[in-house]
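Everything on this sheet refers to the single structure shown next.
Start at 1 and go down the list; that is how both ligands and their atoms are numbered. Nothing fancy with the numbering, it's 1 onward along the sequence.
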Amino acid sequence: MTERVVLLVNGPNLNLLGTRQPEVYGATTLAEIEAAVTALAAEFGLAVRAVQSNHEGVLIDAIHAARGECAGIIINPGAYSHTSIAIRDALSSVDLPVVEVHLSNIHAREEFRHHSFVSAVADAVIAGAGPAGYEYAVRHLAAKFA
Ligand code: DQA
């Protein structure tokens with residue numbers, strides 16, 4: 001059987017993790033998060049395709065490419081969570097289980113972060129657990145595939 005692949009998508013500004021507002025987002029870098037997700041996923045027999053972009057269309061293209069190639073999507077859309085109907089529509093279009101992750105608890109922050117367009121099309125939403133949230137997302141997908 002071919003290995004299941006999980007698409008890990010990180011949106012704008014998340015390339016700066018580690019140095020970006022560490023009091024909000026912590027000291028862990030995106031490379032460290034991607035490595036931890038890849039290692040944990042491997043324990044469940046899952047491969048990871050990691051994509052980060054600051055451009056909405058690149059994120060949408062990556063989501064489209066997951067159709068037929070990936071078994072599920074873990075996405076932190078960053079600020080696009082609060083603005084992008086296009087990313088939500090892309091996620092709806094590919095018909096894959098989606099786990100939305102936010103490092104910070106968006107509900108405890110500014111009002112404009114409380115609503116995410118993505119949440120309604122997500123299977124699960126994890127916010128405020130820091131980098132561990134991505135690992136919980138892997139466990140959620142692995143349990144679904146089991
Ligand atoms: C974020 C929360 C968003 O509001 C913010 O724009 C981000 C990161 C998080 O991981 O907590 O870029 O998605």
Side-chain angles (χ1 to χ4, degrees), residues 4-44 46-67 69-145:
R4 281 198 171 103
V5 180
V6 170
L7 177 64
L8 171 63
V9 184
N10 279 285
N13 302 307
L14 294 167
N15 55 310
L16 301 180
L17 283 177
T19 55
R20 172 196 184 197
Q21 294 178 274
E23 69 286 1
V24 178
Y25 298 115
T28 308
T29 66
L30 182 60
E32 288 167 340
I33 288 171
E34 289 175 348
V37 166
T38 301
L40 180 64
E43 289 180 27
F44 294 103
L46 302 169
V48 173
R49 177 189 295 177
V51 174
Q52 187 279 330
S53 179
N54 297 318
H55 304 276
E56 193 173 19
V58 174
L59 298 170
I60 291 167
D61 288 343
I63 293 165
H64 288 177
R67 183 161 38 186
E69 296 181 7
C70 297
I73 300 176
I74 298 170
I75 182 166
N76 182 346
Y80 285 141
S81 316
H82 319 302
T83 62
S84 181
I85 296 168
I87 288 177
R88 174 203 177 116
D89 283 353
L91 291 167
S92 299
S93 305
V94 296
D95 200 26
L96 291 170
V98 173
V99 184
E100 178 184 1
V101 174
H102 298 282
L103 291 149
S104 64
N105 179 358
I106 54 174
H107 304 289
R109 299 183 63 196
E110 302 95 324
E111 186 89 34
F112 64 83
R113 297 186 202 275
H114 294 184
H115 177 260
S116 165
F117 284 104
V118 169
S119 298
V121 298
D123 206 73
V125 181
I126 301 163
Y134 291 91
E135 298 185 32
Y136 302 151
V138 170
R139 290 182 189 281
H140 177 78
L141 289 178
K144 273 189 97 72
F145 300 150

Taking only residues two or more places apart in sequence, or in another chain, which ones meet D89 in a side-chain contact (heavy atoms from CB on, under 4.5 Å)?
I85
Please check this pair: side chain of H114 against backbone of R109, looking for a donor-acceptor N/O pair closer than 3.5 Å.
yes
Give a yes or no on whether the backbone of S93 and the side-chain of R67 come within a donor-acceptor separation of less than 3.5 Å.
yes
Dump all N/O pairs between ligand 1 and the protein below 3.5 Å as a table: atom names plus distance, one pair per row.
residue: ligand 1; atom: 4 (O); partner: H82; partner atom: NE2; Å: 2.7
residue: ligand 1; atom: 4 (O); partner: R113; partner atom: NH1; Å: 2.9
residue: ligand 1; atom: 6 (O); partner: A79; partner atom: N; Å: 3.1
residue: ligand 1; atom: 6 (O); partner: R113; partner atom: NH1; Å: 3.1
residue: ligand 1; atom: 10 (O); partner: N76; partner atom: ND2; Å: 2.8
residue: ligand 1; atom: 10 (O); partner: L103; partner atom: N; Å: 2.8
residue: ligand 1; atom: 11 (O); partner: L103; partner atom: N; Å: 3.3
residue: ligand 1; atom: 11 (O); partner: S104; partner atom: N; Å: 2.9
residue: ligand 1; atom: 11 (O); partner: S104; partner atom: OG; Å: 2.6
residue: ligand 1; atom: 12 (O); partner: R20; partner atom: NH1; Å: 3.1
residue: ligand 1; atom: 12 (O); partner: R20; partner atom: NH2; Å: 3.2
residue: ligand 1; atom: 13 (O); partner: N76; partner atom: OD1; Å: 2.8
residue: ligand 1; atom: 13 (O); partner: H102; partner atom: ND1; Å: 2.8

Check: N54 side chain, N13 main-chain N or O, donor-acceptor pair, under 3.5 Å
yes
Pairing residues for A129 by the side-chain contact (heavy atoms from CB on, under 4.5 Å) criterion, not counting sequence neighbours
I126, Y136
Among all residues two or more places apart in sequence or in another chain, which pass the side chain to side chain donor-acceptor pair (under 3.5 Å) test with E69?
R49
